[in-house]
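Worksheet for the structure shown next.
Note that these values count all heavy atoms, side chains included, but never hydrogens, waters or copies made by symmetry.
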Amino acid sequence: MTAWIRDRDATAKLLAAALLTAAVLSTVDPFVTAVAIGVELALLPLTGLRPAELWRRGWPLLLSATVVLVFTVLLGAKEGPVVGTVAGFEVHGPALGYALRLIAIGLPGFVVFATIDPTDLADSLIAHLKVPPRFAIGALAAFRLVPLLAEEYRLILLARRARGIDGGWNPVAHLRLFASATFGLLVGAIRRGIRLATAMEARGFDRGLPRSSAREARFGWSDGSVVLVGATLAAALILLKFVHT
């Protein structure tokens, strides 16, 4: 049971996450979004993700939600009831709802892409959603290149440090170095994408001919139950929104 969600079909997990995300997007009520986060956290043990991996992958989501909360408290979202006070600033319901909604939206996507093998995703998209192989294999290649981008960014920073290029304690210098490193990473990604597209064209991915799959993707009752759970949770959140308001 600790890996029940991880072992399900990729299409099933994508559909369940899409339904849950659509339900969360329909409201900014902090109570409803907090309930959605609680339900998602309760399901995390079924994904097989370890707490250390969860924190390593998910801390940007928490940081983004914190930034959204700070800016909405300082610059807007003055309507609605006051739910608390932080450092002398009143926190209104919509401001807290926006931050919680970001977490509630990000968690399903995080779980889906952390528990899906790229090859299984491509096979499932072709078999169940009838996605063209050209698009599915391109998504597979992009999925596999994401960790490579992170490694290349780390190597760029190490190479600059070896040349004595460092921002020190100057935050503006760090920001400038970050912008230049990101630009170099973007240029390298575009070049790699062009080479990959050329290689796919050379292998006939644009000929429009039917292709076979090396592995058969099956959609069983357990996969359907994942979609059913996602639809049930989405309907419950929408109903809770109307009941609470």
Side-chain angles (χ1 to χ4, degrees), residues 6 10-11 13-14 17-18 21 47-68 71 102-103 105-126 129 131-209 211 213-215 217:
R6 184 189 63 193
T11 298
K13 288 186 283 189
L14 286 174
T21 300
T47 63
L49 295 175
R50 293 173 296 179
E53 184 180 5
L54 180 64
W55 170 252
R56 180 174 59 86
R57 292 172 177 262
W59 69 265
L61 182 62
L62 295 177
L63 179 62
S64 301
T66 303
V67 172
V68 168
F71 273 91
L102 178 60
I103 298 176
I105 292 173
L107 272 177
F110 160 76
V111 170
V112 166
F113 288 102
T115 58
I116 287 181
D117 179 75
T119 305
D120 292 339
L121 174 62
D123 292 339
S124 180
L125 290 178
I126 295 174
L129 297 184
V131 173
R134 183 184 183 186
F135 176 82
I137 302 302
L140 166 62
F143 207 165
R144 288 198 179 279
L145 288 177
V146 170
L148 183 60
L149 291 178
E151 180 64 18
E152 282 197 355
Y153 182 77
R154 187 183 70 86
L155 292 177
I156 290 174
L157 296 182
L158 291 177
R160 292 190 172 189
R161 186 175 301 174
R163 296 183 178 93
I165 303 176
D166 193 3
W169 294 96
N170 189 346
V172 178
H174 277 286
L175 184 61
R176 186 168 58 251
L177 291 175
F178 171 78
S180 61
T182 304
F183 179 76
L185 187 66
L186 177 62
V187 172
I190 292 175
R191 290 175 178 173
R192 185 178 294 105
I194 293 175
R195 291 196 298 268
L196 180 62
T198 303
M200 292 180 66
E201 294 289 345
R203 288 167 173 81
F205 278 94
D206 195 31
R207 299 183 64 182
L209 299 177
R211 289 181 170 271
S213 299
R215 299 188 302 178

From CD (Glu151) to CG (Leu145), nearest 0.5 Å: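 Here the rounded value is 13.5 Å.
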How close do [X] and [Y] get, heavy atom to heavy atom, and via which atoms?
| X | Y | value |
| --- | --- | --- |
| Leu61 | Leu102 | CD1-O, 3.7 Å |
| Ile156 | Leu185 | CD1-N, 4.2 Å |
| Arg6 | Lys13 | O-NZ, 3.1 Å |

Residues that Asp120 engages under salt bridge (charged side-chain N to carboxylate O under 4.0 Å, His left out), provided they are two or more places apart: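 Counting only residues at least two positions away or on another chain, Asp120 forms a salt bridge (charged side-chain N to carboxylate O under 4.0 Å, His left out) with Arg215.
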Expected output: side-chain Ser180 to main-chain Leu177 donor-acceptor under 3.5 Å: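 Between the backbone of Leu177 and the side chain of Ser180 there is a qualifying donor-acceptor contact (under 3.5 Å).
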Note, Leu125 side chain near Leu140 side chain (heavy atom, < 4.5 Å):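 A side-chain contact is absent here, since even the closest heavy-atom pair is not under 4.5 Å.
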Sub-4.5 Å side-chain heavy-atom contact between Phe143 and Leu121: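 Sidechains of Leu121 and Phe143: in contact.
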Pair Thr115, Thr47: side-chain N/O donor-acceptor within cut-off below 3.5 Å: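 No, Thr47 and Thr115 have no side-chain donor paired with an acceptor closer than 3.5 Å.
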Side-chain atoms of residues 189-199: list all donor-acceptor pairs with protein atoms under 3.5 Å, sequence neighbours left out, distances to 0.1 Å.
| residue | atom | partner | partner atom | Å |
| --- | --- | --- | --- | --- |
| Arg192 | NH2 | Glu152 | OE1 | 3.4 |
| Arg192 | NH2 | Glu152 | OE2 | 2.1 |
| Thr198 | OG1 | Ile194 | O | 2.8 |

Qualifying residue, where the test is side chain to side chain contact (heavy atoms under 4.5 Å, CB included) with Ser124 and the options are Thr11, Leu129, Leu14: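 It is Thr11, the one option of Thr11, Leu129, Leu14 that forms the side chain to side chain contact (heavy atoms under 4.5 Å, CB included) with Ser124.
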Any residue meeting side chain to side chain contact (heavy atoms under 4.5 Å, CB included) with Ile126, in chain and number order, not counting sequence neighbours: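 In terms of side chain to side chain contact (heavy atoms under 4.5 Å, CB included), with neighbours along the sequence ignored, Ile126 is linked to Pro133, Ala136, Ser213.
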Salt bridge (Lys or Arg N to Asp or Glu O under 4.0 Å) contacts in which one or both residues fall within residues 179-190, not counting sequence neighbours: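 Listed once each, the pairs would be none.
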Sequence neighbours excluded, every pair satisfying salt bridge (Lys or Arg N to Asp or Glu O under 4.0 Å) that has a member inside residues 169-190: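 Checked against salt bridge (Lys or Arg N to Asp or Glu O under 4.0 Å) - neighbours excluded - no pair reaches residues 169-190.
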Test side chain to side chain donor-acceptor pair (under 3.5 Å) applied to Ser64 - qualifying residues, sequence neighbours left out: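 So Ser64 forms no side chain to side chain donor-acceptor pair (under 3.5 Å) with any residue.
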